[in-house]
Protein chains: 2
Amino acid sequence: MFDRCIYFNTTALARQLDRVWTAAFAPFDLTPPQGFMLRAVLARPGLLQSELADELKIARATTTRGLDGLEAKGLIVRTKSSGDKRESLITPTAAALEIKDALNAASAAVTQRLSGLFGAEVFAGFVDQAKAIAAKLE
Amino acid sequence: MFDRCIYFNTTALARQLDRVWTAAFAPFDLTPPQGFMLRAVLARPGLLQSELADELKIARATTTRGLDGLEAKGLIVRTKSSGDKRESLITPTAAALEIKDALNAASAAVTQRLSGLFGAEVFAGFVDQAKAIAAKLE
DNA sequence: TCATAATAGTTGCATATCTAACCACTGGAG
DNA sequence: CTCCAGTGGTTAGATATGCAACTATTATGA
């Protein structure tokens with residue numbers, strides 16, 4: 001019915017991809033948003049919370065809640081910046097470091113599988129276009 | 001950081017598109033999911049609730065909640081099927097019919113604008129690919 | 001015919017997301 | 001130095017979404 005609508009088809013695809021990554025991250029007891037947030041923290045320990053929000057392209061408020069969840073699971077810690085007392089530095093805990101490689105591998109495996117399913121070129125082209133369109137909308 | 005990830009880039013794009021359609025539907029006091037649900041009901045009055053869920057590619061439970069909202073706004077009515085008493089037929093109210101054309105036009109205008117922004121071919125190609133990828137994931 | 005399986009819709013619970021409003025702190029402009 | 005604007009983070013309130021479990025109804029099959 002909304003065959004030609006970018007909104008409809010993109011959000012529908014996003015929901016389906018969410019299911020795929022939900023399965024991939026289930027062994028770690030992490031939802032996709034939690035998994036990606038943790039991966040970002042693991043990739044760049046010591047990030048400011050606002051930088052994390054930028055990196056993940058989510059609102060600052062959403063970052064607060066996401067980190068609350070990871071903190072409750074003992075996967076990250078917030079440290080008040082010694083300089084600017086408003087800022088929080090986010091660092092992964094030992095428990096997070098332990099699953100780092102497996103988590104990244106799980107995500108890479110899904111990417112690999114989908115890339116094969118659609119054809120590597122089509123897959124990469126689609127992702128590039130999604131990025132390009134998002135950039136133009138900013 | 002997740003430059004090559006279809007999950008990350010698709011969900012991020014979906015959030016941005018949500019903002020665009022939020023603005024487009026704001027004059028009607030409808031959110032994007034509400035607007036699309038109403039458009040589906042307007043396009044095919046008398047649809048069963050489960051058919052509506054399929055059409056919109058959302059869970060039945062989500063359809064229930066969405067229709068609750070539209071019903072509260074006086075835009076749709078549920079009628080128990082005379083045959084199978086489990087079923088509900090969804091029909092738009094007169095108030096909904098009044099905004100039908102303007103609502104469709106508002107969405108078409110956004111589509112038009114974005115299509116121009118990215119180039120009509122790129123735009124259509126992207127939407128087709130999103131649909132094709134979603135179909136393969138089913 | 002009657003027990004059981006399947007289906008339509010709802011409800012409960014959990015998560016993610018946003019905007020707006022707020023607090024605490026920082027940094028300039030007078 | 002002081003006030004005021006800006007910034008980092010949090011909180012409040014709203015919406016959307018899913019899965020799982022439930023109710024009511026219908027269909028099947030022994």
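- Residue B/Arg65 places none of its side-chain N or O atoms closer than 4.0 Å to OP1 or OP2 of C/dC13.
- For A/Thr11 and A/Lys80, each mapped to the nucleotide of DNA chain D holding its nearest heavy atom, the one lying further toward the 5' end belongs to A/Lys80.
- For the residue pair A/Thr31/A/Gln34, the side-chain donor-acceptor check at 3.5 Å is satisfied.
- Take the nearest nucleotide of DNA chain C for A/Lys85 and for B/Glu87: the residue whose nucleotide is more 5' is B/Glu87.
- Non-hydrogen atoms lying under 4.0 Å from DNA chain D are contributed by A/Gln49, A/Ser50, A/Arg60, A/Ala61, all within residues 41-63 of chain A.
- Note on A/Thr64: a base of the nucleic acid sits closer than 4.0 angstrom, heavy atoms only.
- Cluster annotation: A/Met37 and A/Phe28 are assigned to the same hydrophobic cluster (Ile/Leu/Val/Met/Phe/Trp/Tyr, side-chain heavy-atom contacts under 4.5 Å, transitive).
- Taking every heavy atom of residues 12-36 of chain A and every atom of DNA chain D, pairs under 4.0 Å involve A/Arg15, A/Arg19, by number.
- Donor-acceptor pairing under 3.5 Å is recorded for the side chains of A/Ser107 and A/Arg39.
- A perpendicular orientation is assigned to the rings of A/Phe2 and B/Phe36, their planes being inclined by more than 60° (bins at 30° and 60°).
- Taking 3.5 Å as the limit, the base of D/dT26 and the side chain of B/Arg86 contain no donor-acceptor pair of atoms between them.
- The neighbour count for A/Arg44 CZ, taken as heavy atoms of other residues, nucleotides or ligands under 6.0 Å away, does not exceed 12.
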Practice task
Could you give me the CA-CA distance, side-chain angles and deciding distance for A/Asp29 and A/Lys73, then say whether side chain to side chain contact (heavy atoms under 4.5 Å, CB included) is met?
Solution key: CA-CA 10 Å; A/Asp29 191 32; A/Lys73 289 186 173 185; 3.9 Å; yes
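- A salt bridge does not link B/Lys80 with B/Glu87: every distance from a Lys NZ or Arg NE/NH1/NH2 to an Asp or Glu carboxylate oxygen is 4.0 Å or more.
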Problem - Candidate pair A/Thr91 and A/Ile76, rule side chain to side chain contact (heavy atoms under 4.5 Å, CB included), full reasoning - result: CA-CA 6 Å; A/Thr91 45; A/Ile76 63 104; over 6 Å; no
